[in-house]
Number of protein chains: 2
Amino acid sequence: MRKTKEETKLTIKKVLEIATLKFAEDGYANVSLEDIVQETGLTRGAIYHHFKNKKGLFASVFEEVQKEIAQTIEIEAMKSNDKWIQLINGCRAFLTAASETAHQRILLIDGPAVLGWDTFRKLDQQYAMSGLKEQLIIMNQDNSIDLKDISVEALTHSLSGAMNECALWITEKNDRHIAINEAVQVIENFMLGWKKK
Amino acid sequence: MRKTKEETKLTIKKVLEIATLKFAEDGYANVSLEDIVQETGLTRGAIYHHFKNKKGLFASVFEEVQKEIAQTIEIEAMKSNDKWIQLINGCRAFLTAASETAHQRILLIDGPAVLGWDTFRKLDQQYAMSGLKEQLIIMNQDNSIDLKDISVEALTHSLSGAMNECALWITEKNDRHIAINEAVQVIENFMLGWKKK
DNA sequence: AATTATACATACATAACGTATGTATAATTA
DNA sequence: TAATTATACATACGTTATGTATGTATAATT
């Protein structure tokens, strides 16, 4: 009955993939472990062996999605050397990724509710917001922007919140491309006040 | 066993009050109807008589909290005749109310997850965001601001999202007063680009 | 005065979570 | 390589929470 380490990795991956799909489609509360069990062809025992409980499984799923998006952003942002363009491109990449992926329900809706605000914040900080904050600090230091007496933390949270909400808004628009542009334009205008020309 | 209409009103009010407290403290998922039943001294039957189910009870609670905050904002905003000051005061009032009330978990965290994004958005639109959007449109028309080619919708969502996130951030800071000021400053700066001098 | 509607209570069916335990076999050690 | 141990699951069960069906007393209505 015991599987090889390679096989084990595969089963975990399989569970995560299916759980991600189900959670994204139906929402955490509407997915029972039994659903996941059936689609994976495993049993409850298997899942409880690899994950602490339903919430633990969700946490793993959440982190995976988070990582994936963070990577996408990093890649897109780094396509330019201009710090300002990096910022804007990063924002666009987030809006695109977070609104297109079927995973946004996991990331933005169920995430905070299931994990709790503090846990969510820690993870969001680790993967998503730290990058944004650092970028702002760097830009402030090398004079790409001048934040003056503005609180970087408040600014970071404001931008992050604005983009999270926009991602959800974009998803329900029929022409996502237009909506993304509109959102990026707003975000860029938000920052324009601090831009050093 | 049957109560008079007055008494009925009171029981409903009692259930709502206790449910609000419990949901705010422990979160929707961690509150069982049994908890509420015990604290109200009623039975499950009573609750299912007045509300469709647990989610329905939460929806009622959510709407109450929403209404309450909307009122506070309206009152604060209308203390000035200057449209710009109305906007900023409204934002400050929201940040204050949504971060100080113990109800923010209901409003910002559980709300979207339990009700679903679309329902949440509809209610949020009805009570919170419509006011903001209207204010922006009015200001744009009477030349308090000039939004140019910016999408009002995208702007509204951005501001709303920024403030929601800030409200949560403010709550976990030890000096809320300072944090509120920092957040208001950011929001005001966001809008400054469009302000007609 | 008779009827009806309603504000609950009680009892039960169902579903979902989580835990305890068992087992086969891969991995490790002797 | 034989013996031991650790682990990847499966099975079975206990518990809890939701929701539904039904009963009953009494306020409201006719």
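Proximity of a side-chain donor or acceptor of A:D110 to a complementary backbone N or O of A:I106 within less than 3.5 Å is not detected. No donor-acceptor pair closer than 3.5 Å links the side chain of A:D26 to the backbone N or O of A:V31. Under a 3.5 Å cut-off, the side chain of B:Q86 and the backbone N or O of B:M78 do not form any donor-acceptor pair.
Taking side-chain N and O atoms only, B:T11 has a distance below 4.0 Å to OP1 or OP2 of C:dC8. Between A:S32 and C:dA15 there is no side-chain polar atom (N or O) within less than 4.0 angstrom of OP1 or OP2. Side-chain nitrogen and oxygen atoms of A:H49 include none within less than 4.0 Å of the OP1 or OP2 phosphate oxygen of D:dC9. When the side-chain nitrogen and oxygen atoms of A:T4 are compared with OP1 and OP2 of C:dA27, one or more of them lie within a distance under 4.0 Å.
When the P atom of C:dC17 is taken as reference, atom CZ of A:F58 falls 14 Å away, rounded to whole Å. Rounded to whole Å, the distance from CG on B:L10 to P on D:dA27 is 16 Å. We find that CZ of A:F51 is positioned 14 Å from P of C:dG18, with the value rounded to whole Å. Distance B:K55 NZ to D:dA17 P: 19 Å, rounded to the nearest Å. Atom C1' of nucleotide D:dA27 and atom CD of B:E6 are separated by 13 Å, given to the nearest angstrom. Distance, B:I12 CD1 to C:dC8 P: 8 Å, rounded to whole Å. One interatomic measurement links the two molecules: NZ of B:K14 to P of C:dA7, which rounds to 16 Å at whole-angstrom precision. Across the protein-nucleic acid pair, B:E7 atom CD and D:dA28 atom C1' stand 14 Å apart, rounded to whole Å.
Screening residues 164-189 of chain B for ring-ring contact (aromatic ring centres under 6.0 Å, His included), with sequence neighbours left out, gives A:H157-B:W169. Residues in residues 87-131 of chain B take part in these ring-ring contact (aromatic ring centres under 6.0 Å, His included) pairs, two or more places apart or across chains: B:F62-B:F120, B:W117-B:F120.
Side-chain contact between A:L159 and A:L136: present, with at least one pair of heavy atoms (C-beta onward) separated by less than 4.5 Å. Contact annotation: the side chain of B:D146 never approaches that of B:W194 to less than 4.5 Å [non-hydrogen atoms, C-beta and beyond].
For A:Y48, taking side-chain heavy atoms from C-beta onward, the closest of the listed nucleotides D:dC9, C:dT19, D:dG19 is C:dT19.
With values rounded to the nearest 0.5 angstrom, A:F58 atom CZ is found 5.5 Å from A:L115 atom CG.
Listed by chain and residue number, B:S151 satisfy the side chain to side chain donor-acceptor pair (under 3.5 Å) test with A:E182 (two or more places apart in sequence, or in another chain).
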Dot-bracket assigned to DNA chain D with the 3.5 Å Watson-Crick/G-U criterion, [ ] for crossing and | for other-strand pairs, is ||||||||||||||||||||||||||||||
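Here A:E76 does not pair with A:R92 in a salt bridge; the nearest charged N to carboxylate O distance is not below 4.0 Å. Checked for salt-bridge contact, B:D118 and B:R121 miss the test: no charged N lies under 4.0 Å from a carboxylate O. Between B:K133 and B:E153 there is no salt bridge, since no side-chain N of the basic residue sits under 4.0 Å from a carboxylate O of the acidic one.
Residue B:V15 is classed as having no contact, given no heavy-atom separation below 4.0 Å to the nucleic acid.
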Under 3.5 Å, N/O pairs linking protein and nucleotides 11-16 of chain D:
none

Polar atom pairs between nucleotides 2-5 of chain D and protein, under 3.5 Å, N or O only, would you list them?
none

